[in-house]
Amino acid sequence: MYPEIPQEIIRNVREQNDIVEVIEEYVALKKQGRNHKGLCPFHDEKTPSFSVAKDRQMFHCFGCGQGGDVIEFMMEIESFSFVEAIQYLANRAGITLPDTTSTTQPSISKEANELLKAFDWLTKYYHHLLKYSDDGKQGLQYLLDRGLNEKTIDDFQLGYSPVNSKFTINFLEKKGFHEQFLIKYGFLSPRENSPPVDIFRGRVIFPIKNHLGRTVAFGGRAIQDDQQPKYLNSIEHELFQKSNLLFHFDEAKNHIRKQNQVIIFEGYMDVLRAYQAGIKNIVATLGTSLTEYQAKLLKRYVDTVILCYDADNAGFQASYNAANLLKKVGCEVKIAQVKDNMDPDEYILTYGGEQFKEQVIDASDTYFKFFMKFKKKQYNLSIDSEKLAYIETIVEKLAEIESPIERDFYITDIADEFQLSSDIIKHDVEKYRKRNQNFMDKSSHNSNTNTKIMMTHPSQVLPAYYNAERMLLAHMLKHTHIIEKVQQKLNGRFNAEEHKVILTHLYALYEEQREIDPNELLDKIQDQEIKKIVTELVITPINEEVSDQEINDYIDIINMEANDYAYLRSLKEKQKKEQNPLIAAQIGLEIIEIEKQLKKI
């Protein structure tokens with residue numbers, strides 16, 4: 001299928017990249033039986049239908065049908081070409097590839113590729129200037145004065161852009177980048193009657209990286225009081241949209257997955273300070289509100305999200321907005337409250353990382369407790385009418401909590417605070433729950449299930465021969481000794497066209513290798529829909545031990561369809577076309593007799 005890469009290299013790349021480990025870099029997986037399950041990264045869902053088989057090194061989503069091996073996964077998740085997926089996985093496993101694999105057209109445009117190179121060079125350039133040049137001394141001193149150590153500066157590749165842009169422009173031109181290109185993508189700012197200048201000149205540089213660890217933008221922080229604005233980001237382009245990226249996500253994602261928890265900050269310095277204090281499951285938004293895209297991205301990795309924003313009114317409002325968005329996509333949300341009107345950076349610098357973890361992160365409010373605090377600011381509780389309105393708002397929200405224990409806990413809390421009867425509050429909560437069908441018994445109405453995207457052949461009852469062909473193929477993929485028996489008794493006499501295609505490739509692969517590697521079978525199949533069927537067959541659990549009788553039963557059912565039912569259909573077609581009523585009646589009698597015989601089987 002891919003002649004430019006030898007099959008043994010493809011096989012080696014697959015073998016050295018365990019599919020569960022690779023997919024866990026993108027999706028939180030939980031072991032269930034033989035397989036691992038998680039939320040599908042290829043369509044929106046709240047109930048996991050995405051399955052990964054470690055023993056077969058394949059994945060399949062029973063929701064959208066997407067499936068394949070580790071290479072197919074990287075091609076889908078990153079929009080890689082086949083060769084790019086091989087290169088990425090080879091690099092991940094420390095495998096050296098022959099030069100011939102670099103000749104394929106990349107999945108991103110030539111200009112985007114140049115853009116990545118420009119950011120790579122500038123990241124190294126700015127970092128070198130910060131650490132080793134006279135121009136960078138004031139930038140380095142600023143970061144040291146802020147309490148950052150050399151390791152943190154190196155780990156994040158922090159840099160400094162010199163005030164004199166001439167050095168930066170000369171450096172980029174020597175690397176082959178033209179002035180027009182640099183202006184177009186915001187590296188340089190044009191000026192009338194004078195050369196362009198570096199837009200980040202005189203600023204400390206924070207590289208902003210995508211989830212693969214490639215720099216795609218910069219954040220620049222002013223270090224002089226007269227510099228405006230205080231923070232400056234690269235302009236957006238095809239590889240950088242602020243609403244889609246999270247600062248430090250590339251390094252944090254494995255810590256996030258392992259701890260099943262992520263902490264979201266508002267600023268770069270919050271992340272750097274927490275990282276230096278030993279807290280690694282941390283990210284930050286890029287000067288914008290949390291977006292639905294970012295919320296869904298995090299949900300793929302974790303169940304619990306802790307918001308740790310600044311303690312001012314703006315931070316309070318931002319926490320409320322972000323919490324509602326995260327709950328909407330199915331996350332459990334907690335809100336950390338930083339004391340003394342400090343931001344997280346200041347708090348950690350003042351009190352240290354351990355106290356921050358114990359008294360801020362571990363003491364985070366539940367969503368509902370935070371909701372009560374947030375709403376309390378909107379009412380004057382010294383006025384009875386406003387106090388009643390506040391209680392009514394809280395009780396209505398309380399009805400959304402699914403856990404009876406949690407509901408009862410807050411019912412008691414509210415009753416104690418306002419000297420009310422718990423029974424009265426409970427009565428009102430039940431009233432609201434009954435009013436909204438979304439909070440009825442989830443066994444009869446599961447609002448979290450995506451019903452728009454179903455398995456192959458949704459809801460229809462499949463004919464016996466179709467199921468028999470599926471089961472026989474599934475066993476042939478797992479037990480190669482069955483292949484010869486099927487060849488002898490059926491040869492290629494399957495009835496469903498898609499099954500015939502799979503059977504043909506399966507026979508051919510068996511003839512070549514006398515064994516079946518499902519991944520190599522996929523390589524031989526061009527049709528994406530048929531590939532999905534193969535991955536579903538591989539992932540679907542079947543009996544480890546299969547009897548000869550079971551196999552014979554499947555073969556008999558398939559034969560019956562190929563022989564009797566096929567003949568029956570031909571008779572019915574013949575009867576429809578027959579002009580002579582007597583002959584048509586005779587055919588009809590024969591049809592009735594055959595159908596009687598088939599019912600006895």
Side-chain angles (χ1 to χ4, degrees), residues 4-5 74-92 96-130 156-162 164-191 194-201 203-220 232-251 286-287 293:
E4 67 272 19
I5 303 179
M74 291 309 305
M75 290 171 68
E76 290 296 327
I77 200 77
E78 295 293 352
S79 299
F80 282 160
S81 67
F82 179 83
V83 174
E84 285 176 320
I86 290 288
Q87 288 171 330
Y88 175 83
L89 292 169
N91 184 61
R92 182 182 180 276
T96 302
L97 295 176
D99 293 339
T100 54
T101 59
S102 63
T103 58
T104 299
Q105 182 71 25
S107 58
I108 60 173
S109 67
K110 182 179 178 181
E111 195 160 75
N113 200 44
E114 287 299 298
L115 196 53
L116 284 174
K117 290 178 182 177
F119 278 114
D120 284 346
W121 280 117
L122 275 176
T123 299
K124 296 170 186 174
Y125 169 78
Y126 287 146
H127 182 63
H128 179 84
L129 287 181
L130 178 83
F156 283 81
Q157 289 184 285
L158 303 185
Y160 178 76
S161 174
N164 187 342
S165 299
K166 182 180 178 181
F167 299 111
T168 304
I169 295 171
N170 287 342
F171 172 80
L172 290 169
E173 286 179 345
K174 285 179 182 178
K175 296 301 178 185
F177 300 104
H178 299 294
E179 185 177 291
Q180 188 176 0
F181 172 87
L182 297 171
I183 291 173
K184 177 182 177 180
Y185 287 104
F187 295 103
L188 303 180
S189 176
R191 296 188 300 176
S194 59
V197 293
D198 181 350
I199 64 164
F200 293 110
R201 64 196 183 282
R203 292 173 181 268
V204 169
I205 303 298
F206 300 85
I208 298 169
K209 300 182 180 183
N210 65 15
H211 62 287
L212 296 176
R214 296 291 299 273
T215 303
V216 292
F218 293 124
L232 183 66
N233 278 341
S234 295
I235 63 170
E236 293 194 335
H237 49 77
E238 64 177 291
L239 302 178
F240 172 59
Q241 291 85 41
K242 288 184 285 187
S243 60
N244 290 356
L245 291 181
L246 291 163
F247 181 69
H248 188 54
F249 181 73
D250 60 305
E251 291 291 337
L286 298 170
Y293 182 95

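In this text, all values refer to a predicted model and were calculated from it rather than measured experimentally. Numbers here simply count residues along the sequence, with the first being 1.
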How about Phe187 and Phe218: are their ring centroids closer than 6.0 Å?
no
With a 6.0 Å cut-off (strictly less than), is the heavy-atom count around CZ of Phe181, excluding the residue itself, greater than 12?
yes
Heavy-atom closest pair (Asp198 atom, Ser161 atom, distance to 0.1 Å) is OD2-OG, 2.6 Å
Smallest heavy-atom separation, Ile86 atom then Leu97 atom, equals CG2-CD1, 3.9 Å
For Lys117, check salt bridge (Lys or Arg N to Asp or Glu O under 4.0 Å) against everything at least two apart and list the hits.
Glu114
Taking side chain as C-beta onward, heavy atoms only, is Phe156 less than 4.5 Å from His248?
yes
Are His128 and Phe171, when compared by the centres of their aromatic rings, separated by less than 6.0 Å?
no
Sorted by chain and residue number, the side chain to side chain contact (heavy atoms under 4.5 Å, CB included) partners of Ala85 (sequence neighbours excluded) come out as Ile71, Met74, Met75, Phe80
Could you tell me whether the side chain of Leu122 reaches within less than 4.5 Å of the side chain of Ile205, counting heavy atoms only?
no
Atom CG of Leu212 and atom CZ of Phe249: how far apart are they, to the nearest 0.5 Å?
10.5 Å
d(Leu286 CG, Leu246 CG) to nearest 0.5 Å is 7.0 Å
Considering non-hydrogen atoms only, spot the tightest contact between Arg201 and Ser165 and give its length.
CD-OG, 3.7 Å
Between Ile199 and Ile235, is a side-chain contact (heavy atoms from CB on, under 4.5 Å) present by the stated rule, with each step listed?
CA-CA 10 Å; Ile199 64 164; Ile235 63 170; 5.7 Å; no
Contacts of Glu111 that satisfy salt bridge (Lys or Arg N to Asp or Glu O under 4.0 Å) - sequence neighbours left out
Lys184
First locate atom OH of Tyr126, then atom OG1 of Thr123, and finally report the distance between them rounded to the nearest 0.5 Å.
9.0 Å
From CG (Leu245) to CD (Glu236), nearest 0.5 Å:
9.0 Å
Does either side chain, that of Thr168 or that of Tyr125, offer a donor lying less than 3.5 Å from an acceptor on the other one?
yes
Just so I know, are the side chains of Ser234 and Ile208 near enough to count as touching, which here means a heavy-atom distance under 4.5 Å?
no
Just wondering, do Val216 and Leu116 contact through their side chains at under 4.5 Å, heavy atoms?
yes
Provide the closest heavy-atom pair for Val204 versus Tyr160 in the form atom of the first, atom of the second, distance.
N-CD1, 4.2 Å
Between Phe206 and Leu158, which heavy-atom pair has the shortest distance, and what is it?
CD2-CD2, 3.6 Å
In this structure, CZ of Phe119 is separated from NZ of Lys124 (nearest 0.5 Å) by 14.5 Å
Side chains of His211 and Glu78 in contact at under 4.5 Å (non-hydrogen atoms)
yes
Measuring from atom CG of Asn233 to atom NZ of Lys242, what distance do you get when rounded to the nearest 0.5 angstrom?
5.5 Å
Please name the pair of heavy atoms, one in Ser109 and one in Glu238, separated by the smallest distance, quoted to 0.1 Å.
OG-OE2, 3.4 Å
